[in-house]
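Worksheet: one structure, shown below.
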Amino acid sequence: MRFAQRVHHLKAEGAYHVLARAQALEAEGRNIIHLEIGEPDFNTAPHIINAAMTAIQKGLTRYNPPSGILELREIIAGQANKQRGLEVRADNIVISPGAKPNLFFPTLCLVGPGDEVLYPDPGFPTYEAMIQVAGGVPVPVPLLEDKDFSFDLETLEGLLTERTKLIVLNSPSNPTGGVIPREDCERIAELAIRHNCWVLSDEIYSRLTYDGLTAPSIAALPGMADRTIIVDGFSKTYCMTGWRLGFGIMPRELAQQVQLMLTHSIGCTAHFTQYAGIEALTGPQSWVDDMVREYQKRRDLLVEGLNELPGVRCKKPQGAFYAFPNIRASGKTSEELANLILEKAGVALLPGTAFGSRGEGYLRLSYANSQENIREALQRMAEVLRQM
Ligand code: PLP
């Protein structure tokens with residue numbers, strides 16, 4: 001079949017291939033520990049589930065505004081002002097089914113054929129996909145291990161041209177767990193203003209940071225509110241991946257344009273899930289804090305264990321729930337080592353190359369799994385790596 005040019009570059013996320021192979025091994029009776037998946041292993045909290053059920057029983061199961069219900073947008077705006085230091089209102093907020101549409105649609109609204117878009121490599125695979133579907137030119141910017149997986153700012157500056165339309169940032173990052181420091185945000189903001197380009201700041205892991213650190217939002221810096229789209233959602237913070245609920249915060253004019261895209265594509269986000277979203281944001285938060293503390297323990301356990309493995313060294317990530325160890329000293333490529341660990345140790349993880357060519361020499365392990373499983377995975381990996 002012949003498809004339109006705009007979809008020629010699309011490919012499945014690396015995680016799906018690994019998951020399929022892991023499931024095939026499980027079907028053969030093998031025990032597999034899953035460290036490849038990017039979703040919380042905790043369930044959605046009961047009070048959130050109850051809010052959705054109450055909404056369904058009340059008949060809140062209908063079409064609703066394409067940008068989402070006003071009450072939820074007002075709450076998101078109020079919290080963004082308090083927590084991120086912004087000055088936004090409900091009409092700056094666009095609700096979507098998951099965060100992904102708020103990556104894709106603003107990009108489609110802003111990027112045209114030939115426009116260049118800078119994005120992190122290694123980075124979340126959707127960035128490259130959305131740039132290509134928009135007809136833009138993907139310009140990967142390396143994330144450097146030596147800089148705790150931030151950009152080298154001179155490299156970033158050198159890649160900016162008069163065709164640059166958008167810079168994509170992701171802090172805390174998938175797959176590295178890196179957090180962009182405030183000074184770097186300030187410098188990137190200066191560059192974006194000087195080159196008159198937009199910034200799409202994917203902050204979906206913003207609540208998952210460790211050791212008391214917070215990830216600053218570039219949108220709060222002077223001159224940035226008019227050129228920044230913040231993307232966030234409920235999937236990671238509130239363990240609601242399958243509910244499909246996310247949002248974007250952006251200038252009003254762009255929000256109106258994105259709303260038109262939503263009108264003609266998805267129509268609207270499910271009605272009752274938005275009431276679950278209200279409960280998530282306004283209900284108790286202590287369970288989220290407990291979860292973050294648990295992730296921090298798992299991170300420490302995993303990173304310490306990885307650093308004891310032969311041929312592996314791992315920086316301590318400051319956010320998200322991923323470790324991104326350097327495996328160059330093993331003498332194997334990322335893909336070879338990921339396959340070997342899956343086949344021999346029964347531990348599913350991802351090659352760094354699933355996130356771009358700069359991921360070569362690294363693996364991504366998700367610590368959204370129990371301490372018990374992480375310990376067992378480390379032990380199994382140690383046996384395989386010591387025999388190499
Ligand atoms: N952005 C990043 C960096 C992610 O890792 C993910 C999910 O893995 C998303 C966006 C998408 O989130 P959602 O499932 O809410 O669409």
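Residue numbers start at 1 and run along the sequence shown. When reading the values below, keep in mind they use all heavy atoms of this one structure, side chains included, and skip hydrogens, waters and symmetry mates. Remember, it's 1-based here, ligands and their atoms both numbered in the order they're listed.
- Scanning all heavy atoms of the two residues, the minimum distance from Q274 to I69 falls at OE1-N, 2.8 Å.
- Within the 4.0 Å heavy-atom cutoff, K236 counts among the residues contacting ligand 1.
- Of the heavy atoms in Y127, only side-chain atoms (C-beta onward) come closer than 4.0 Å to ligand 1.
- Shown here is E304, whose CD atom has no more than 12 heavy atoms of other residues, nucleotides or ligands within 6.0 Å.
- Contact annotation: F247 has no heavy atom less than 4.0 Å from any atom of ligand 1.
- Relative orientation of the F247 and F234 rings is perpendicular, given thresholds of 30° and 60° on the angle between their planes.
- Ligand 1 is never approached by F234 to a heavy-atom distance shorter than 4.0 Å.
- At least one heavy atom of N170 sits under 4.0 Å from some atom of ligand 1.
- With a 4.0 Å heavy-atom cut-off, ligand 1 is reached by the backbone of A99 and by its side chain too.
- Considering both main-chain and side-chain atoms, Y205 comes within under 3.5 Å of ligand 1 through a nitrogen or oxygen pair.
- Protein heavy atom nearest atom 14 (O) of ligand 1, with residue, atom name and distance: R244 NH1, 3.0 Å.
- Aromatic pair Y295/Y205: centroids not less than 6.0 angstrom apart.
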Check your understanding: Given the rule in the side-chain hydrogen bond (donor to acceptor under 3.5 Å, both in side chains) test, do S206 and R84 qualify, once you have shown the distances and angles that lead to the verdict?
Key -> CA-CA 10 Å; S206 60; R84 289 183 158 105; 3.3 Å; yes
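- Relative ring orientation between F124 and Y127 is described as perpendicular, the plane-to-plane angle rising above 60° on a 0-90° scale split at 30° and 60°.
- The option from D202, V231, D232, N174 that lies nearest to atom 2 (C) of ligand 1, judged by heavy atoms, is D202.
- Within a 6.0 Å sphere centred on NZ of K147, heavy atoms belonging to other residues, nucleotides or ligands number more than 12.
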